[in-house]
2 protein chains.
Amino acid sequence: MRELGRELGVEAASLYNHVAGKDDLLDGMVELAIAEIEVPGEGVGWKEAMRRRAISAREVFARHRWAAPLHDSRDRTGPHSLSYVDGVLGVLIGAGFSPAAAANAFLVVDGYIYGFERRQSGLALDEGATATDAAEEVLAAIPEGAYPNAVRVAMEFATTPFDHDAAFDFGLGLILDGLERLLPGE
Amino acid sequence: MRELGRELGVEAASLYNHVAGKDDLLDGMVELAIAEIEVPGEGVGWKEAMRRRAISAREVFARHRWAAPLHDSRDRTGPHSLSYVDGVLGVLIGAGFSPAAAANAFLVVDGYIYGFERRQSGLALDEGATATDAAEEVLAAIPEGAYPNAVRVAMEFATTPFDHDAAFDFGLGLILDGLERLLPGE
DNA sequence: ACCTGAACACCGTTCAAGT
DNA sequence: ACCTGAACACCGTTCAAGT
């Protein structure tokens, strides 16, 4: 609050004339970020719509790195979040999924989108570091011949750089193909 | 720190004789939580091992509700985290995945585990609330005939309660089946 | 070796007082 | 209607002083 006030050339206390409090402010920021995710509607197949939506979400969360963790930590659902959920469910129901199946499918795809980013650090594969950096970091922290599999994977990525976009698309395609198999044949 | 000190019957300042600081403490807590996740090794098929591991992780994060978000927010990787990653990669490599494919598969499954829990709030499907509560909450917040799909799904869950475990298992099975299809036939 | 008390630099928030 | 200054109750952390 104090820092935001400084940035705006105003005292921290003045902010409370425009916002209810810090929580209110953070909720609003999340809403604005969610609003940037595009959910293709008519005109494209459900699979293509889901793929574009996922890539758009990933792009938005990459642009606003604070958004995904912030979204997770709050549970207030604003109008933009609701219409985002509504749009995705609409695509799935339109494709032939029952309402219950659409909810399940939404959770699988959305869970993946949100979970993918943050699990990369577990593999020491953060975007910032080069593959060699990551490999060295892992190898340096290891005592003896412990963690043989992690070492092997790290060495693999020392020679062949890890492609984040390709990895994300790999899992996304796998999930969408799995969902397609659930639809009654046409 | 002050609250923890109170709980231990000690002044907050005294804690710094045992811990480097708050960050150090939180890193240690995450490590202990991760250590509770069981990664089955030999003796079971890779698919069964992955499924048990996922269910164990979900159970641990349900028992320690602070663990998953805390794990996400820090990037230090301790020995337990490393051996967790190593164990999972070992199962996958042992199943016939290449090191690179194992890393991809790890990210898909692990991303799903971490993402699933927190996306439920987006559907107003939190464990605490009954299905009827959730439906009422969603319906009450809606102006006109807006969000028709979300309303339809909410009404569905008002009659048929949402089964979190089944939903998690649904997505997990879908992902594991997808991974199995990538393995060379035997 | 471990604890305490006091202090430091920081928070978010409130509120009377100004314009 | 909006801003300010001062204050409040809180943080994590440091450090000299005690035992």
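Keep in mind that the numbers below use all heavy atoms, side chains included, and drop hydrogens, waters and symmetry copies. Letters A, B, ... are given to chains in the order of the sequence lines, protein chains preceding strands, and every chain is numbered from 1.
Remark: A/H18 is not in phosphate contact with D/dA1, judged by side-chain N or O atoms under 4.0 Å from OP1 or OP2. Between B/S14 and C/dC2, a side-chain N or O to OP1/OP2 separation shorter than 4.0 Å is absent.
Mapping A/A13 and B/A13 onto DNA chain C via the closest heavy atom, the residue that lands nearer the 5' end is B/A13. Nearer the 5' end of DNA chain D, as judged by each residue's closest nucleotide, is the contact made by A/L15, out of A/L15 and B/M1. Comparing A/E3 and A/A20 along DNA chain C, the residue whose closest nucleotide (by nearest heavy atom) sits nearer the 5' end is A/E3.
Using N1 to N3 plus N6-O4 or O6-N4 for Watson-Crick, or N1-O2 and O6-N3 for G-U wobble, each under 3.5 Å, C/dC2 pairs with D/dG18. Look at C/dA7: its Watson-Crick or wobble partner, with both distances under 3.5 angstrom, is D/dT13.
Here D/dT14 presents its C1' atom at 17 Å from NZ of B/K22, a figure rounded to the nearest Å. The CG-P distance, from B/D23 to D/dG12, rounds to 11 Å in whole Å. The separation between B/L26 atom CG and D/dT13 atom C1' is 15 Å, rounded to whole Å. Straight-line distance from the OH atom of A/Y16 to the P atom of C/dC11: 12 Å, rounded to whole Å. Rounded to an integer number of Å, the gap from CG of A/N17 to P of D/dC3 is 6 Å. Going from atom CD of A/E11 over to atom C1' of C/dC15 covers 15 Å, rounded to whole Å. Put simply, CZ on A/R2 is 14 Å from P on D/dC8, counting in whole angstrom units.
A/H64 NE2: more than 12 foreign heavy atoms inside a 6.0 Å radius.
Relative to the ring axis of A/F168, A/R58 places its NZ or CZ within 45° and under 6.0 Å from the centre.
For A/Y112 and B/Y112, the gap between ring centers reaches or exceeds 6.0 Å. Residues A/H71 and A/Y114 bring their aromatic ring centres within 6.0 Å.
Classification of the B/Y84-B/F106 ring pair by plane angle, with boundaries at 30° and 60°, yields perpendicular.
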